[in-house]
There are 2 protein chains.
Amino acid sequence: MAKKWVYLFREGDASMRDLLGGKGAGVAEMTRTGVPVPPGFTITTEACNAYYESDKQFPEGMWDQVLVALKEVEQQTGKTFGDPNNPLLVSVRSGAKFSMPGMMDTVLNLGLNQSTREGLAKLTENPRFAADAYRRFIQLFGKIVLGVEGNRFEHLMDEAKGHGERLDTDLSAEELLAIAEQFKQVIKEDVGVEFPEDPLDQLRAAIGAVFSSWNGRRAVDYRRINKIADNLGTAVNVQSMVFGNMGDDSATGVAFTRSPSTGEAEIFGEYLVNAQGEDVVAGVRTPQPIAQLKETMPAVYDQFHTIAKQLEAHYKDVQDVEFTIERGKLWMLQTRNGKRTAAAALKIAVDLVREGVIDKATAVQRIEPHTLDQLLHPMIDPAARATATVLTTGLPASPGAASGTAVFDPDEAEHMAADGHKVILIRVETAPEDFHGMVAAQAILTARGGMTSHAAVVARGMGKPCVAGAGDLRVSYADQSVSVGEQKIAKGDWVTLDGSTGEVFVGKMPTVEPELSGDFAEFIAWADEFRTIGVRANADIPRDAKVARAFGAEGIGLCRTEHMFFEGDRIDAVREMILADTLEDRRAALAKIEPLQQGDFEGLFREMAGLPVTIRTLDPPLHEFLPHEDHEIEALAAKLGVEFAKVKSRVENLREANPMLGFRGCRLGIIYPEITEMQANAIFKAAVAVKAEGIEVHPEVMIPLVGNITELKIQEELVRKVAAEVFAAAGVELPYLVGTMIELPRAALTADEIAQTAEFFSFGTNDLTQTTLGLSRDDAGRFLPSYVEKKLMPDDPFQSIDQRGVGQLVQIGTERGRSTRPNLKVGVCGEHGGDPASVEFFYRAGLNYVSCSPYRVPIARLAAAQAALGDGKRDK
Amino acid sequence: MAKKWVYLFREGDASMRDLLGGKGAGVAEMTRTGVPVPPGFTITTEACNAYYESDKQFPEGMWDQVLVALKEVEQQTGKTFGDPNNPLLVSVRSGAKFSMPGMMDTVLNLGLNQSTREGLAKLTENPRFAADAYRRFIQLFGKIVLGVEGNRFEHLMDEAKGHGERLDTDLSAEELLAIAEQFKQVIKEDVGVEFPEDPLDQLRAAIGAVFSSWNGRRAVDYRRINKIADNLGTAVNVQSMVFGNMGDDSATGVAFTRSPSTGEAEIFGEYLVNAQGEDVVAGVRTPQPIAQLKETMPAVYDQFHTIAKQLEAHYKDVQDVEFTIERGKLWMLQTRNGKRTAAAALKIAVDLVREGVIDKATAVQRIEPHTLDQLLHPMIDPAARATATVLTTGLPASPGAASGTAVFDPDEAEHMAADGHKVILIRVETAPEDFHGMVAAQAILTARGGMTSHAAVVARGMGKPCVAGAGDLRVSYADQSVSVGEQKIAKGDWVTLDGSTGEVFVGKMPTVEPELSGDFAEFIAWADEFRTIGVRANADIPRDAKVARAFGAEGIGLCRTEHMFFEGDRIDAVREMILADTLEDRRAALAKIEPLQQGDFEGLFREMAGLPVTIRTLDPPLHEFLPHEDHEIEALAAKLGVEFAKVKSRVENLREANPMLGFRGCRLGIIYPEITEMQANAIFKAAVAVKAEGIEVHPEVMIPLVGNITELKIQEELVRKVAAEVFAAAGVELPYLVGTMIELPRAALTADEIAQTAEFFSFGTNDLTQTTLGLSRDDAGRFLPSYVEKKLMPDDPFQSIDQRGVGQLVQIGTERGRSTRPNLKVGVCGEHGGDPASVEFFYRAGLNYVSCSPYRVPIARLAAAQAALGDGKRDK
């Protein structure tokens with residue numbers, strides 16, 4: 001007896017992917033569970049392999065089995081292949097184990113010929129439909145099965161329509177039949193065969209074409225690139241066609257088992273009576289809501305409802321189904337997991353757990369972490385979008401939407417906000433000295449700078465919307481206006497930004513606040529049950545720390561002390577310090593800053609009671625704190641009582657060719673130890689003061705830009721000396737750590753040495769990316785977008801970590817650091833700490849925690865949970 | 001019988017370092033070979049260990065053996081220990097296997113007391129000398145053996161001299177004796193013992209003190225740091241004193257067995273009759289040339305001459321000897337390898353080989369490679385230095401000396417040079433557009449910039465002297481002058497630079513040309529017999545290539561194509577290309593540059609006939625080629641027929657925050673493929689043209705700043721496409737390679753991938769240092785000198801490679817690259833290619849070649865030979 005090459009749908013199930021392919025196993029599974037699926041059969045992948053082994057001949061017995069299966073399908077449908085009175089038509093499609101582009105597309109309506117077309121016309125009472133189906137079938141068959149150049153058919157169609165004068169729908173049945181005849185002529189000319197009128201000939205040819213497509217150029221390339229074995233073979237699915245346009249007892253529709261926009265647990269969908277699937281999509285007629293079906297065809301609706309629920313329970317997820325009703329009989333054509341909004345995804349996952357359909361781990365794995373971002377920020381009222389005027393589109397640099405009046409100066413932003421106005425700060429780009437204006441603004445818009453520009457980073461840190469690098473904008477500070485082409489926004493005009501899409505709108509638009517239901521908190525708490533690495537936040541000021549804690553941050557992973565330098569008048573003392581000629585002058589200026597810093601740190605320690613707070617000593621090049629314009633320099637000189645020329649020359653002198661690689665980080669503290677000393681004093685005095693209030697404090701002092709162990713040692717000794725002095729003076733001892741940022745390749749490569757002194761590492765992946773890739777994030781805008789587009793890099797390496805390069809240094813640094821100090825605490829505090837793919841990488845690299853901007857903490861928590869679950873960790 | 005603890009000098013030899021220590025074995029070796037050394041004996045290191053084992057008691061029998069040895073010394077010298085009429089005095093000093101700081105200093109004249117002092121006074125007929133020797137002995141013994149605080153003695157001496165009113169030499173014999181008595185009193189007060197009058201007590205105490213110093217704090221620390229075992233112990237050397245001041249038949253002197261300044265094979269030295277070693281050093285009396293001795297004491301001279309030659313033959317190197325003649329008898333006090341000038345070192349090494357004393361390998365290892373630099377450049381006539389006025393001192397950025405008249409503008413330098421004037425170009429700092437002025441100048445002086453600034457790198461490349469970063473200079477372009485304090489040099493004034501020392505002199509000074517004798521060529525050829533890695537040169541223009549080849553370069557390792565962009569008028573075309581708005585405009589500008597580049601490459605290929613020439617495609621940020629001052633921009637705008645504002649804004653637009661990490665390297669060629677295309681055309685057309693002249697060409701096209709394999713692949717495919725087109729058009733096929741610079745950490749870390757496409761690697765260690773250490777060489781001046789000074793880094797990492805960090809990436813990159821492509825050719829083309837320590841590292845890392853500036857090629861050849869020899873490779 002010949003091998004079994006052909007399986008009826010009812011003979012297979014989901015486990016038979018190897019033999020029946022993904023599609024065949026899926027449709028078999030539906031059939032097996034009692035869902036009414038148009039009957040059909042699958043020819044196995046083994047048959048495909050046998051076909052190749054026997055020099056492209058069907059293996060022995062296969063065709064006979066196809067004929068037997070076809071008989072069975074005829075019986076099930078009550079139709080007969082080639083019968084003009086009640087013709088059975090079928091679709092033929094490929095279906096390998098893995099979904100694979102380059103394989104044969106679907107051939108629909110196979111079985112049509114002159115006589116069955118007439119039968120179809122009669123049955124549907126729609127000769128034009130039958131003619132068009134016939135024309136389409138010949139075209140598709142000609143192109144896909146017989147290999148005729150597709151544009152030869154298209155050219156004829158185009159001609160028939162008068163080259164764009166008429167639409168497809170304008171062609172009459174007669175015209176379509178004429179075209180069909182022309183198509184047959186083309187086939188004959190092109191491949192030298194007559195178009196096969198015999199449905200069995202059609203079927204035989206189509207099956208052969210599917211088998212052949214397995215070794216088509218694109219399929220072979222795809223397998224090579226994706227490392228899929230060549231000997232898997234493809235299956236062939238032959239399924240009976242059903243028609244929703246056979247009268248008023250026929251219909252077609254689509255539905256979700258729950259609402260894809262809210263997640264509400266009600267069937268959601270629409271249908272059209274006496275129509276084909278195409279008609280629903282084309283939108284020519286307005287479909288009816290699915291509830292209507294209950295009234296017009298109550299029995300069918302009940303059956304549909306039951307099946308929908310059954311599919312959802314079977315696949316344990318919301319299903320997006322397509323169905324057709326042919327003469328009162330319901331057929332399910334397709335079911336797949338339904339796409340949904342973030343809000344719906346959350347509600348559905350939580351509901352499914354409550355209903356006992358899935359467990360928590362499954363729920364946690366269901367939601368793309370980055371989609372949570374939508375739930376954490378206000379958005380533009382969808383209803384208002386339709387009539388809005390888009391001024392321009394920039395980079396979606398920080399999510400959320402906000403309206404306000406345009407201002408172009410940070411001081412003005414501050415004043416107007418103080419007077420109760422909502423303002424949008426618009427700048428060519430922002431610098432640290434604009435910070436107060438950014439705090440005051442509802443949102444920030446810049447003409448220059450990328451996703452990791454100053455504006456973007458600071459805005460994300462504060463959870464404010466930001467559109468950055470909107471290159472079309474012409475900002476004029478002189479004129480206090482911004483224009484795009486002819487359109488102009490002056491100071492005081494209303495603007496609306498959508499930081500999630502990058503859109504900039506003219507005028508004021510209503511926004512809707514995110515509804516953070518109790519579901520959200522519950523869901524994220526489930527994630528924490530599986531998460532094994534910590535999530536901290538990057539926060540510089542108490543306000544940010546408070547937000548971070550509310551979002552579940554387990555400490556501060558990075559406090560950039562210099563961000564406080566611009567608050568209020570303290571920038572004057574900072575500038576005085578930088579411009580000091582002598583150690584005494586510098587100390588005098590530092591003495592003014594110290595109590596202010598101490599106050600900041602006290603605020604952080606209070607907000608983070610009981611949790612670790614990592615404070616980085618001064619990092620940026622000093623030039624960043626100085627004014628750049630002559631009038632600003634003049635004002636500063638007057639304030640300091642020094643001549644303009646001296647200040648100007650000092651400012652010039654501090655300018656660097658490559659500030660990123662210049663006099664910054666611990667290099668500042670090594671050359672000017674008094675700066676580190678001041679900061680250490682502020683940290684430990686703050687710790688002592690807050691501890692005295694009965695609050696537990698865990699300061700972690702972090703030395704930046706360390707390249708060799710000696711640098712760290714010098715700074716560490718200084719910090720410990722100050723700590724000992726402060727503790728001795730206060731008569732207390734507090735636990736604290738001294739560690740370093742690993743942000744230079746050399747630090748990662750010599751981590752074994754550095755860990756001799758460092759009690760913790762925190763990978764500064766922003767700077768580590770800049771140095772490892774030799775890529776300035778401020779300058780990359782001129783080529784990086786093009787690089788990502790050309791796939792020279794899989795992603796923007798400042799958004800998702802470059803695993804092969806920068807990631808390798810993270811791994812090396814972690815391993816070597818722990819080789820010296822096995823209990824070394826290792827974290828990451830670059831922007832990557834909030835990127836799900838990066839979080840997964842850091843989990844695999846064995847890091848103890850990630851730290852990200854406060855508004856990304858929930859995303860990082862979920863990503864970390866998924867990483868652990870993906871690694872088989874079902875609980876902590 | 002007790003163990004043998006004491007060895008007379010005549011009982012030991014050079015092989016007994018473990019037992020007798022380095023010093024003891026050395027003096028024994030001299031004695032053994034018949035050199036008249038003042039007799040003495042060595043107490044073994046075993047005795048020291050036994051001393052510690054028995055709780056600081058001399059081991060059994062040791063003291064008796066000391067007394068026996070002392071008797072023997074008395075016999076040999078005819079003097080007796082403690083005999084007032086003819087006292088034997090000895091020195092006592094420590095001597096471990098390895099020379100070790102922190103061990104006991106020498107105690108001289110041990111054996112002196114009241115009565116032997118009188119005997120010494122009578123014998124030398126110099127009571128003051130005897131009194132001073134006695135005073136010094138008590139002081140030294142008190143401090144070193146008895147442990148009295150040294151400043152207690154110094155304080156008394158200071159008082160006796162009226163606190164600076166009188167000198168040591170003003171003190172009379174009587175005063176010195178009074179001081180000696182005060183010293184004894186101090187000893188009694190301080191340590192509670194009488195100063196020992198008995199010479200044997202003195203000796204016993206001194207031996208114990210040497211043993212104890214083995215476990216002194218500094219010695220223990222030194223051993224720990226240098227990983228020297230604690231159980232080696234120290235030996236004690238006791239040697240009879242001899243005196244050159246015992247009358248006119250006594251003398252003392254120093255000599256070299258060959259001239260230390262020229263290497264001439266004649267004894268070179270001087271002596272003083274009736275004097276002590278101190279008198280020679282003090283320079284109170286003028287010593288006589290050693291030839292004089294031949295006349296005054298012919299027998300002694302003959303003996304000395306014979307011994308000197310014998311020592312040289314024994315130690316196989318020039319000896320620097322000290323000798324004393326005591327009453328007509330010659331004693332050799334010390335011999336050691338003599339220090340010498342580079343010229344002398346070369347001549348001596350070559351002569352010794354010719355004389356059959358040493359072999360070539362030894363000769364090659366004798367010379368510090370960096371000293372060759374002195375031989376390759378002119379230097380200031382030493383005679384003229386005495387009366388010279390030093391204006392200031394900067395960094396010795398490029399060696400050699402030159403005089404010329406001051407000019408402050410590169411155009412003017414060019415014009416004046418064309419008129420036959422010798423000029424020195426003085427600038428605050430130089431930029432690529434000053435190149436033509438640097439070419440025209442004799443030497444370059446800058447006020448800003450370090451050892452790797454533009455001025456320094458370019459000057460070294462051209463072999464021109466350069467003093468860089470002379471921070472005291474106030475350069476005024478407006479005034480066309482430079483000043484330091486009150487001193488001013490105006491345009492046209494003569495200046496002289498010494499680029500080997502960094503000195504800047506006022507006025508014109510005579511210089512002496514290096515005499516490159518045939519010895520040099522012969523010596524360097526010997527080095528090549530042992531060298532196993534190649535040495536190429538970095539050369540951008542045919543002139544440099546010619547020099548490089550003359551110095552023995554085996555190819556060009558780096559041709560920076562952009563250095564040619566500033567020659568003549570071509571910069572206009574380059575600027576036109578950069579400012580072009582459209583691809584067409586850019587191509588038009590490139591078309592003007594192509595034939596010029598082709599001409600340059602033809603010149604290089606001709607000079608390097610038969611050798612490989614590595615040409616790097618365009619590397620620097622485009623902004624470097626643009627004018628920066630408004631008047632220059634205006635001129636350019638006029639030339640291009642574009643409005644000023646447009647050019648200005650384009651220039652502004654191309655400015656980068658961190659150009660080092662910006663839009664440069666292969667990124668330019670990826671975004672503007674037409675640039676790479678033009679350069680590839682120029683390269684291959686040049687190759688074809690030169691080949692047609694019958695000259696063998698080996699182009700190697702090098703793609704810079706590659707960070708990932710795809711970048712390289714895109715550029716490589718383009719280069720190969722152009723090559724194929726050019727070859728097809730010419731009907732020839734030439735061999736060529738396409739490779740890449742490895743200058744980003746990511747490139748080294750992913751070298752296995754990159755080597756799939758790259759046929760060679762060249763480590764760009766300058767940029768690799770900048771990225772790995774996060775250190776901009778343009779900006780490091782503000783902290784790097786302080787870092788090197790504080791030992792935070794062993795060396796300036798831009799001069800000698802950071803082996804632990806950057807070197808690790810070189811190793812990783814080489815290993816991984818060869819894991820994919822086993823025959824991968826790997827070189828280095830950073831400044832480090834000419835640094836001997838770095839060359840040794842590259843040799844160990846398995847590189848195929850180094851490439852350095854032409855003038856450093858001989859240095860690299862020698863360093864590479866020494867690396868191979870140090871690794872046990874006696875021939876290729």
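In what follows, chains carry the letters A, B, and so on, assigned in the order in which the sequence lines appear, proteins first and then strands, with residues in each chain numbered from 1.
- In terms of modelled atom types and a separation under 3.5 Å, the side chain of B:N708 and the main chain of A:L792 share a donor-acceptor contact.
- Here the straight-line distance linking atom CD1 of A:I812 with atom CD1 of B:I812 works out to 5.5 Å at 0.5 Å rounding.
- For A:Y787, the ring-ring contact (aromatic ring centres under 6.0 Å, His included) partners are A:F783, not counting sequence neighbours.
- In this structure, chain B has heavy atoms under 4.5 Å from both the backbone and the side chain of A:A657.
- When the candidates A:G707, A:A748, A:A780, A:G774 are compared by the number of heavy-atom contacts under 4.5 Å with chain B, A:G774 comes out ahead.
- Contact annotation for B:I714: only side-chain heavy atoms (C-beta onward) come within less than 4.5 Å of a heavy atom of chain A.
- By the 4.5 Å heavy-atom criterion applied to side chains, B:D779 and A:L661 are not counted as neighbours.
- Using a 4.5 Å cut-off between heavy atoms, B:L784 makes no contact with chain A at all.
- With a 4.5 angstrom heavy-atom cutoff, B:S786 touches chain A only via side-chain atoms.
- Proximity to chain B is absent for every atom of A:L668, based on heavy atoms less than 4.5 angstrom apart.
- Separating the CG atom in A:L775 from the CZ atom in B:R746 is a distance of 11.0 Å, to the nearest 0.5 Å.
- For A:D630, the side-chain hydrogen bond (donor to acceptor under 3.5 Å, both in side chains) test picks out A:K648, with sequence neighbours left out.
- Highest contact tally toward chain B, considering only A:G662, A:G665, A:P659, is held by A:P659 [criterion: heavy-atom pairs under 4.5 Å].
- Of the residues considered (B:R448, B:E753, B:K790, B:E743), B:E753 shows the highest number of contacts with chain A, using heavy-atom pairs under 4.5 Å.
- Heavy atoms closer than 4.5 Å to chain B are found in both the backbone and the side chain of A:T772.
- Contacts between A:L654 and chain B at a heavy-atom distance below 4.5 Å involve backbone atoms as well as side-chain atoms.
- Applying the salt bridge (Lys or Arg N to Asp or Glu O under 4.0 Å) test to every pair with at least one member in residues 709-718 of chain A, sequence neighbours left out, gives these pairs: A:E716-A:R720.
- In terms of heavy-atom pairs under 4.5 angstrom with chain A, the leader among B:L749, B:D802, B:L744, B:T750 is B:L749.
- The line from CZ of A:R782 to CZ of B:R667 is 11.5 Å long, rounded to the nearest 0.5 Å.
- Chain B is approached within less than 4.5 Å, heavy atom to heavy atom, by A:R804, A:G805, A:Q808, A:L809 from residues 803-810 of chain A, ordered by number.
- Put simply, of B:L773, B:I671, B:T710, the one with the most heavy-atom pairs under 4.5 Å next to chain A is B:L773.
- If you measure heavy-atom distances from A:D767 to chain B, you find no contacts under 4.5 Å at all.
- Most heavy-atom pairs under 4.5 Å with chain A: of the set B:K791, B:R664, B:E656, this distinction falls to B:E656.
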